[in-house]
Chemist: 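Mind looking over this structure? Questions follow.
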Number of protein chains: 2
Amino acid sequence: MGKLAHDHTAEDCVELVTIFQNLSAIDKKTVATLVTHHHYKSGEYLFSAGDAADSLIIVAHGQAKVFQMSASGKEQMLRILQTGDFDGEAALFSNSEHNSYAQALMDTAVCQISRTDFQKLLQMTPELAVNMVNALGRRVGQLEQQTTEATTASVESRLANYLLETSAGLDEEVFTLPLKKKDIATYLGTTPETISRKLTALTKQGMIEKISNNEFKILDADRLMLID
Amino acid sequence: MGKLAHDHTAEDCVELVTIFQNLSAIDKKTVATLVTHHHYKSGEYLFSAGDAADSLIIVAHGQAKVFQMSASGKEQMLRILQTGDFDGEAALFSNSEHNSYAQALMDTAVCQISRTDFQKLLQMTPELAVNMVNALGRRVGQLEQQTTEATTASVESRLANYLLETSAGLDEEVFTLPLKKKDIATYLGTTPETISRKLTALTKQGMIEKISNNEFKILDADRLMLID
DNA sequence: CGTCTGATTGAAGATTGTCAAGCGTGGTGG
DNA sequence: CCACCACGCTTGACAATCTTCAATCAGACG
């Protein structure tokens, strides 16, 4: 078995996902019996707008982007699903259809739980419900933040924040942008050209340093934060 | 007792709020014993950024706006709370502080449930948890939509959508804008001046008709929807 | 009648988007 | 192993949208 081929058992999924983590061993076992597995190659869609939203999707390994398509055909990136993230909760109850797309950015393994199984689980496991409310609450907060930034701050400010957030946690000086410029652009609500220009602008002002095409180094975090 | 003075009993609050509506009579009674009441005059704040988020807030009567303040001091409207809407869930678990402001737009009565009481309630009442997940799921969907529109569509398109949504449901030809232009502006991520200009533009193109300062009539809904 | 708040309009300017061309690099096939 | 191709990134010139600042106007209310 090669380095890239992983076996993802049901237990793996359950352990990975925050909303399941503090459940009892028994509950976890129950959850494990309910998940099914799927694998997507880079570029494949986990779901598309209009698809029936009949299951909760958990990323067991890999990375996927979730985005909407506007009437005029523009993409708007909503979030990046990392290992352990899940999606589908929003549409799982209220709507019957997805209104967004999820596309694998690399080879990605996901676990799914069907809507009906998940609802039963929720009724039986109060802790799970609390975890779920928690996770959704955080998500609401994130989205409120994203909306506010997108409409009140300049592209330069949004980009600066994005760089700070992306580099945060990594102790290393140099960090790699996890997305293509085009995807960063739709995440920040702008265009690849503008991203390119703003990055060179920040470089010229000495706040960041460009190592390679997608590797950068933060030189002056304080000044980056103050861009308005 | 005058027209504007209402008595809001605990039962009223419970009945008003969707997340409580399909609970058993017994559960509703329990909820009713836990709520406290507050009254705010127009302009007063229900909470501010930085306040401890220690309770769920339910609007029993009136209207309030929820907004964030950007670093540069710009307001971003997040939502309007109508009678029966609630807020505070987002911060109720994950964070200990509000990161937004809620301000009464008219005299407003609210009911509150403390964080600890609400958490107990959640554990005891699986149906409530499911309702909660539902409500939060809808909210996530709304926010995703708002973010996408704000960053991909022109102001004219966003305004057209706003007018269509605001007039939807009302059978009457003429409808009243529920917000001041300034608030509509921050909701759509723009300025009052631009709102003003776009409204006259839409009027000149014959898609809407201006009745009074804040009363309008939709003349050509189809064309409004197609603005890109 | 005067004042205060919000709405409108104009002119100027900045930011960002669009279109088009050129560059660099990594991967593929000859 | 090299040449070429494809894709993404960069850069430039230009256009459009939107914001800002300022002045004026309209309506509500004491």
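So that the names make sense, note that chain A is the first sequence line, chain B the second, and so on, each numbered from 1. Bear in mind the structure is a predicted one, so any value in this text is a computation, not a measurement.
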Chemist: What integer distance in Å separates A:K210:NZ from D:dC9:P?
Modeler: 10 Å
Chemist: Atom NZ of B:K181 to atom C1' of D:dC25: distance rounded to whole Å?
Modeler: 13 Å
Chemist: Sorted by first residue and then second, give each salt bridge (Lys or Arg N to Asp or Glu O under 4.0 Å) pair with at least one member in residues 200-220 of chain B; sequence neighbours left out.
Modeler: B:D220-B:R223
Chemist: Between B:S114 and B:S55, do the side chains contain an N or O donor and an N or O acceptor separated by less than 3.5 Å?
Modeler: no
Chemist: Not counting sequence neighbours, list each pair that qualifies as a side chain to side chain donor-acceptor pair (under 3.5 Å) and has a residue in residues 183-201 of chain A.
Modeler: A:K65-A:D183, A:T191-A:T194
Chemist: Holding to salt bridge (Lys or Arg N to Asp or Glu O under 4.0 Å), I want the full list of residues that pass it with A:D228, two or more places apart in sequence or in another chain.
Modeler: none
Chemist: Please list each protein N or O that sits under 3.5 Å from an N or O in nucleotides 17-21 of chain C, with the distance.
Modeler:
{"from": "C:dG17", "atom 1": "OP1", "to": "A:T190", "atom 2": "OG1", "distance (Å)": "3.4"}
{"from": "C:dG17", "atom 1": "OP2", "to": "A:T190", "atom 2": "OG1", "distance (Å)": "2.6"}
{"from": "C:dG17", "atom 1": "OP2", "to": "A:T194", "atom 2": "OG1", "distance (Å)": "2.7"}
{"from": "C:dT18", "atom 1": "O4", "to": "A:R197", "atom 2": "NH2", "distance (Å)": "2.7"}
{"from": "C:dC19", "atom 1": "N4", "to": "A:E193", "atom 2": "OE2", "distance (Å)": "3.2"}

Chemist: Whole-Å distance between D:dC9 P and A:K182 NZ?
Modeler: 10 Å
Chemist: Given atom CG of B:L202 and atom P of C:dT8, what is their separation to the nearest angstrom?
Modeler: 13 Å
Chemist: Give the rounded distance in Å between these two atoms: CG of B:D183 and C1' of C:dG6.
Modeler: 11 Å
Chemist: For the pair A:Y101 and A:Y45, name the ring-plane relationship: parallel under 30°, tilted 30 to 60°, perpendicular over 60°.
Modeler: perpendicular
Chemist: Going by distance alone, is a donor N or O of one side chain under 3.5 Å from an acceptor N or O of the other, for A:Q76 and B:T152?
Modeler: no
Chemist: In this structure, how many angstroms lie between the C1' atom of C:dT15 and the CG atom of A:L159, rounded?
Modeler: 15 Å
Chemist: Here's a test of your reading of the structure: between B:L199 and A:R158, which maps to the more 5' nucleotide of DNA chain C?
Modeler: B:L199
Chemist: Please report the end-to-end axis angle for the helix from C:dC1-D:dG30 to C:dG30-D:dC1, five pairs per end, rounded to 10 degrees.
Modeler: 30°
Chemist: Could you measure the distance from the CD1 atom of A:I113 to the CG atom of A:L56? Nearest 0.5 Å is fine.
Modeler: 6.0 Å
Chemist: Among residues 211-228 of chain A, which ones have heavy-atom contacts with DNA chain D below 4.0 Å?
Modeler: A:N213
Chemist: Using atom NZ of A:K180 as one end and atom C1' of C:dG26 as the other, report the distance to the nearest whole Å.
Modeler: 13 Å
Chemist: I need the B:T203 OG1 to B:I208 CD1 distance, nearest 0.5 Å.
Modeler: 4.0 Å
Chemist: Could you measure the distance from the CZ atom of A:R158 to the CG atom of A:L163? Nearest 0.5 Å is fine.
Modeler: 13.0 Å
Chemist: Drop me the distance from A:Q82's CD to A:L105's CG, to the nearest 0.5 angstrom.
Modeler: 9.0 Å
Chemist: What distance separates A:E149 CD from A:S154 OG, expressed to the nearest 0.5 Å?
Modeler: 10.0 Å
Chemist: Can you tell me the distance, in whole Å, between the CG atom of B:L177 and the C1' atom of C:dG6?
Modeler: 14 Å
